[in-house]
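Note sheet for the following structure.
Only this structure's heavy atoms are used, side chains among them; waters, hydrogens and symmetry mates stay out.
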Amino acid sequence: MTMPSITLRDYSLVYPMFHGSARSFKKSVFKGMRQKLQDRQKVGGSIISREDTTVVVALSALSLSIQSGERVGLIGHNGAGKSTLLRALAGIYESSLGQLSVRGDVHALLSPQAGMNTDLTGRENIRLYARTIGMAPVAAQKLEEDVEEFAELGAFLDLPVRLYSSGMAIRLGFGVATAPRPEILLMDEWFMAGDSRFQEKARERLTRLIEHVRILVITSHSLPILRKWCTRIIWMEGGRIRMDGPPDLVLDAYEAAGKG
């Protein structure tokens with residue numbers, strides 16, 4: 001049996017950001033036509049800089065390997081590339097620059113309402129999720145009871161999700177999202193949202209989940225959580241890896257640099 005793993009070799013992710021002047025459809029069409037005519041007259045040069053577009057390098061030449069048994073924390077200030085890397089590992093973002101290989105069953109906790117239909121009730125969303133992942137009727141019933149108990153939504157469970165407060169939506173989404181037992185778990189820090197009581201319940205639920213996964217990759221600004229859960233920390237800056245190593249070594253350096 002193949003062990004789960006994650007491998008990146010010189011992996012980069014870039015995307016264009018269009019300026020406000022590029023939002024007009026008419027302007028874009030005519031500008032595109034003019035640009036094509038100009039491009040045909042140019043010799044050489046594979047990158048063309050346009051006045052209405054800025055190319056953002058979200059991840060730059062990343063090379064790393066994560067093996068079964070590792071619990072990896074991603075740290076860095078906002079915009080460092082942590083969440084972008086998670087989304088690339090989850091297959092949400094794709095790039096032909098470099099190599100990215102993810103072997104194993106992957107589950108991503110990236111958004112509290114990912115996959116939710118807000119016009120359906122909370123209970124209907126739970127049942128829909130169970131059918132989507134192919135749960136047997138008995139397992140689906142257990143899932144429904146488990147999420148109902150965890151989320152503590154009461155009568156709101158039978159109301160459309162669009163009527164939920166943000167906290168209620170997080171409780172439902174979290175309960176559903178933490179039901180599977182994948183080989184690889186990718187997790188963004190949204191799970192720390194909510195009141196202190198929910199956070200404690202969430203930590204307990206996640207601790208049980210983490211015990212079953214082979215690989216964990218998590219982003220968080222909570223350094224105590226990363227020290228407790230992780231076996232390895234990757235410090236990112238500007239879409240690059242600044243430091244990669246044992247939690248105490250990297251987190252101490254991160255705090256010493258005034259980042260923590």
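- When atom types are taken as modelled, the side chain of N125 and the backbone of T121 share a donor-acceptor pair closer than 3.5 angstrom.
- Looking at H77, its side chain never comes within 3.5 Å of a backbone N or O of M236 through a donor-acceptor pair.
- With hydrogens and angles ignored, the 3.5 Å screen pairs no side-chain donor or acceptor of Y164 with any backbone N or O of L172.
- Side-chain atoms of E183 do not come within 3.5 Å of backbone N or O of G104 as any donor-acceptor pair.
- Applying the salt bridge (charged side-chain N to carboxylate O under 4.0 Å, His left out) test to residues at least two apart or on different chains, the pairs with a partner in residues 77-98 are R87-D188.
- Judged by a 6.0 Å distance limit and a 45° cone about the ring axis, R205 is positioned over the six-membered ring of F150.
- Few gaps surround CD on E211; more than 12 heavy atoms of other groups in view lie less than 6.0 Å from it.
- Between L74 and L85, the closest side-chain pair of non-hydrogen atoms falls below 4.5 Å.
- Residues R227 and D252 are paired through a salt bridge, judged by an N-O separation under 4.0 Å between the basic side chain and the carboxylate.
- The side chain to side chain donor-acceptor pair (under 3.5 Å) contacts involving residues 65-76 comprise S65-Q67, E70-R232, where partners must be two or more places apart or lie in separate chains.
- No more than 12 heavy atoms of other residues, nucleotides or ligands lie within 6.0 Å of CD in Q99, so this atom counts as exposed by the packing criterion.
- Of the inter-residue distances, the one linking I241 atom CD1 with S60 atom OG reads 10.5 Å to the nearest 0.5 angstrom.
- R242 CZ to I234 CD1: the interatomic distance, rounded to the nearest 0.5 Å, is 15.0 Å.
- Going from atom CD of E149 over to atom NZ of K201 covers 7.0 Å, rounded to the nearest 0.5 Å.
- Taking the charged nitrogens against the carboxylate oxygens, E144 and R123 do have a contact shorter than 4.0 Å, which makes a salt bridge.
- In this structure, S95 contributes its side chain and S12 its backbone to a donor-acceptor pair below 3.5 Å.
- Partner I6 forms a side chain to side chain contact (heavy atoms under 4.5 Å, CB included) with one of V72, I66, V106 and no other, that one being I66.
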